[in-house]
Amino acid sequence: LDAGIQLRIPVIIAGFGNVSQALVRLLNERFTYLRDKHGIEISVVGAVEGGKDEFFSAFLESGLDLDLLIETKRKSGRISFYPQCGGNSSTLELIKMSGARLLFEATPTRLNGGEPGLSHIRTALDLGMHVVTSNKGPIVFAAHELAKLASIKGVKLFYSAAVAGALPIMPTGEYSLNGCRINAIEGILNGTTNYILTEMAAKKLGFEDALAEAQKLGIAERDPRYDIEGYDTAFKLIIAANALMNADLKISDVEVSGIQKVTYATIDSAKERGSALKLVGRVEKREDKINAKVGVEEFRITHPFYSVNGKWKGVIFSTDLLGEVVVLGGASSPTFTAGAMLRDFLNISQFSDNKS
Ligand SMILES: NC(=O)c1ccc[n+]([C@@H]2O[C@H](COP(=O)([O-])OP(=O)(O)OC[C@H]3O[C@@H](n4cnc5c(N)ncnc54)[C@H](OP(=O)(O)O)[C@@H]3O)[C@@H](O)[C@H]2O)c1
């Protein structure tokens with residue numbers, strides 16, 4: 001790239017929790033790299049958080065100072081204390097008035113309809129903005145509707161961060177397997193449950209003890225049902241299958257079971273057979289019929305999933321033209337999720353016709 005050519009891309013951020021703060025730190029740290037390697041200057045013109053009773057926002061058309069934005073959040077608790085630029089614009093108001101080219105959406109995942117993220121994404125796409133999100137909710141509920149809207153408006157909606165972020169399931173399916181028909185996807189998609197099963201095996205623990213340990217380390221939520229009953233895996237599987245296998249799955253189409261009934265004795269007898277137990281999401285297409293299920297399965301030592309331990313994850317694509325493709329990846333963290341959002345951003349700027 002000619003060092004003189006730089007594309008300034010104004011962006012806004014919805015939600016300012018762990019992921020968005022990691023993203024802002026990343027954009028700040030990688031500013032020179034993005035400018036020199038990609039010829040892009042990402043200018044964060046606005047951000048907004050809150051939403052329960054009140055919104056807290058910051059907006060500056062020429063671009064917020066990212067050090068100051070992080071410092072304001074750290075010191076004052078709310079970004080609306082950003083000097084001279086703070087306010088109480090709602091997320092939808094910010095999207096409509098910002099003039100941004102892209103929305104980073106990182107508000108909480110709500111699986112009872114996908115709001116508030118769904119309205120944020122719909123509004124942004126409708127205004128001709130690209131969207132990158134880490135929020136599963138809107139994608140589980142409205143992936144096809146949103147993809148259609150994005151296509152009509154000539155913009156992109158990317159959500160690799162919402163599907164086991166650090167593990168590149170979506171980019172692999174969308175780019176590396178281009179031209180293939182994906183016949184099946186199977187994956188260890190949830191780090192918490194994989195960690196618990198690994199600890200049970202390694203330390204000869206019962207399920208409750210391993211769960212308590214994972215909670216103590218902050219790996220499992222205080223209310224861990226969403227993970228351990230298999231629903232997190234199911235939602236990730238639905239997103240991947242709907243996007244990559246042209247499916248239209250809803251949660252009611254997936255047979256879901258979790259790890260809560262696994263005992264050390266079951267793990268031990270699998271071990272004696274040279275196998276390991278893993279919680280796996282599996283979706284298969286036979287002719288036009290799609291079957292999806294989540295449950296504990298046994299894997300022999302020769303299988304790639306056998307040694308996917310701890311918070312690691314993995315996915316196997318079965319394709320018609322490239323055979324089986326295996327991708328293994330690391331644990332989730334706000335920084336890795338932010339990294340996945342940056343990857344999506346760069347893929348949008350590289351793949352879209354108008355380069356923005
Ligand atoms: N953390 C991870 O490692 C990870 C990994 C993969 C995916 N994700 C997904 O990424 C998203 C963000 O995760 P997170 O860990 O950053 O969550 P978080 O720390 O709870 O942050 C959520 C942020 O969204 C704000 N918010 C809530 N409703 C809003 C609205 N209507 N408009 C604008 N802001 C609103 C919250 O404000 P308040 O401060 O007032 O609550 C908070 O700032 C979630 O959907 C999550 O499932 C996270």
Side-chain angles (χ1 to χ4, degrees), residues 8-28 40-110 113-135 137-139 142 146 149-150 153 155-159 161-162 334 337-338 341-342 344-345 348-349 356:
R8 175 181 175 270
I9 304 185
V11 305
I12 52 172
I13 301 176
F16 210 73
N18 297 311
V19 169
S20 296
Q21 289 173 52
L23 177 67
V24 166
R25 270 189 225 103
L26 197 57
L27 297 180
N28 210 16
I40 286 171
E41 189 190 312
I42 302 179
S43 175
V44 178
V45 296
V48 55
E49 60 175 335
K52 279 185 203 100
D53 303 314
E54 213 180 339
F55 290 94
F56 307 92
S57 60
F59 176 74
L60 182 62
E61 201 174 355
S62 57
L64 297 162
D65 178 309
L66 300 187
D67 280 324
L68 185 54
L69 186 63
I70 287 289
E71 199 50 17
T72 304
K73 174 71 184 170
R74 195 180 64 80
K75 278 200 178 143
S76 318
R78 289 298 186 189
I79 56 175
S80 51
F81 288 104
Y82 188 103
Q84 276 99 54
C85 302
N88 299 97
S89 301
S90 74
T91 310
L92 291 177
E93 282 164 354
L94 182 73
I95 292 169
K96 287 176 191 160
M97 56 72 85
S98 67
R101 301 296 305 272
L102 180 139
L103 166 69
F104 283 113
E105 216 286 340
T107 63
T109 292
R110 303 235 166 83
E115 294 293 359
L118 181 53
S119 296
H120 301 161
I121 295 174
R122 214 182 252 141
T123 306
L125 294 174
D126 199 42
L127 288 167
M129 292 165 71
H130 302 292
V131 175
V132 169
T133 187
S134 59
N135 182 351
I139 310 305
L146 295 173
L149 179 58
K153 297 289 173 176
V155 290
K156 299 268 166 101
L157 164 65
F158 276 21
Y159 42 84
T337 306
M341 293 178 87
L342 178 61
D344 278 357
F345 174 92
I348 285 180
S349 59
S356 66

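Scope of the values below: all heavy atoms of this structure, side chains included, with no hydrogens, waters or symmetry mates. Fair warning: this is a prediction, and the values are worked out from it, not measured in the lab.
- For the pair A47 and F16, the tightest heavy-atom approach, listed with the atom from each and the gap, is CB-CD1, 4.1 Å.
- Although no hydrogens or angles enter the test, the distance criterion places no donor-acceptor pair under 3.5 Å between the side chain of S43 and the main chain of R8.
- Minimum heavy-atom separation, Q21 to I70: O-CD1, 3.7 Å.
- Counting non-hydrogen atoms of neighbouring residues, nucleotides and ligands closer than 6.0 angstrom, the CD atom of E41 exceeds 12 such neighbours.
- Going from atom CG of L68 over to atom SG of C85 covers 8.5 Å, rounded to the nearest 0.5 Å.
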Just do the side chain to side chain contact (heavy atoms under 4.5 Å, CB included) check on V45 and E61 with the steps written out, would you?
-> CA-CA 5 Å; V45 296; E61 201 174 355; 5.7 Å; no
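- Taking CG of L26 as the start and OG of S20 as the end, the distance is 12.0 Å to the nearest 0.5 Å.
- The CZ atom of R110 sits 9.0 Å away from atom CG of N135, with the distance rounded to the nearest 0.5 Å.
- The side-chain hydrogen bond (donor to acceptor under 3.5 Å, both in side chains) test applied to E49 returns K73, R78, not counting sequence neighbours.
- Contact between R101 and I9 at its shortest, heavy atoms only, is CB-CG2, 3.9 Å.
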Test F345 against I40 for side chain to side chain contact (heavy atoms under 4.5 Å, CB included), laying out the working first.
-> CA-CA 11 Å; F345 174 92; I40 286 171; 3.9 Å; yes
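- Sorted by first and then second residue, the side chain to side chain donor-acceptor pair (under 3.5 Å) pairs involving residues 63-72 (not counting sequence neighbours) are N28-D67, E71-R74.
- What you find for T337 and S134 is that their closest heavy atoms are CG2-CB, 3.8 Å.
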Can you check side chain to side chain contact (heavy atoms under 4.5 Å, CB included) on V132 and Y159, steps first, answer last?
-> CA-CA 6 Å; V132 169; Y159 42 84; over 6 Å; no
Output, in order, the C-alpha distance, side-chain angles, deciding distance and verdict of side chain to side chain contact (heavy atoms under 4.5 Å, CB included) for F158 and V131.
-> CA-CA 6 Å; F158 276 21; V131 175; over 6 Å; no
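- To the nearest 0.5 Å, atoms CZ (R122) and CD1 (I95) are separated by 12.0 Å.
- In this structure, L149 CG and I121 CD1 are separated by 10.5 Å, a value rounded to the nearest 0.5 Å.
- Partners of T123 under the side-chain hydrogen bond (donor to acceptor under 3.5 Å, both in side chains) rule, at least two apart in sequence or in another chain, do not exist in this structure.
- Once rounded to the nearest 0.5 Å, the distance linking CG of L103 with CG of L157 reads 10.0 Å.
- When atom types are taken as modelled, the side chain of H130 and the backbone of V155 share no donor-acceptor pair closer than 3.5 angstrom.
- Closest approach of E105 to G117, counting heavy atoms only: OE2-CA, 3.2 Å.
- Of all heavy-atom pairs between L23 and M341, the closest is CD1-CB, 4.3 Å.
- A donor-acceptor pair is defined here as one N or O able to donate and one able to accept, closer than 3.5 Å; no such pair exists between the side chain of S89 and the backbone of S57.
- Counting only distance, with no hydrogens or angles, the side chain of N88 and the backbone of F55 share a donor-acceptor pair below 3.5 Å.
- Looking at I12 and F104, their side chains never come closer than 4.5 Å, going by heavy atoms from C-beta outward.
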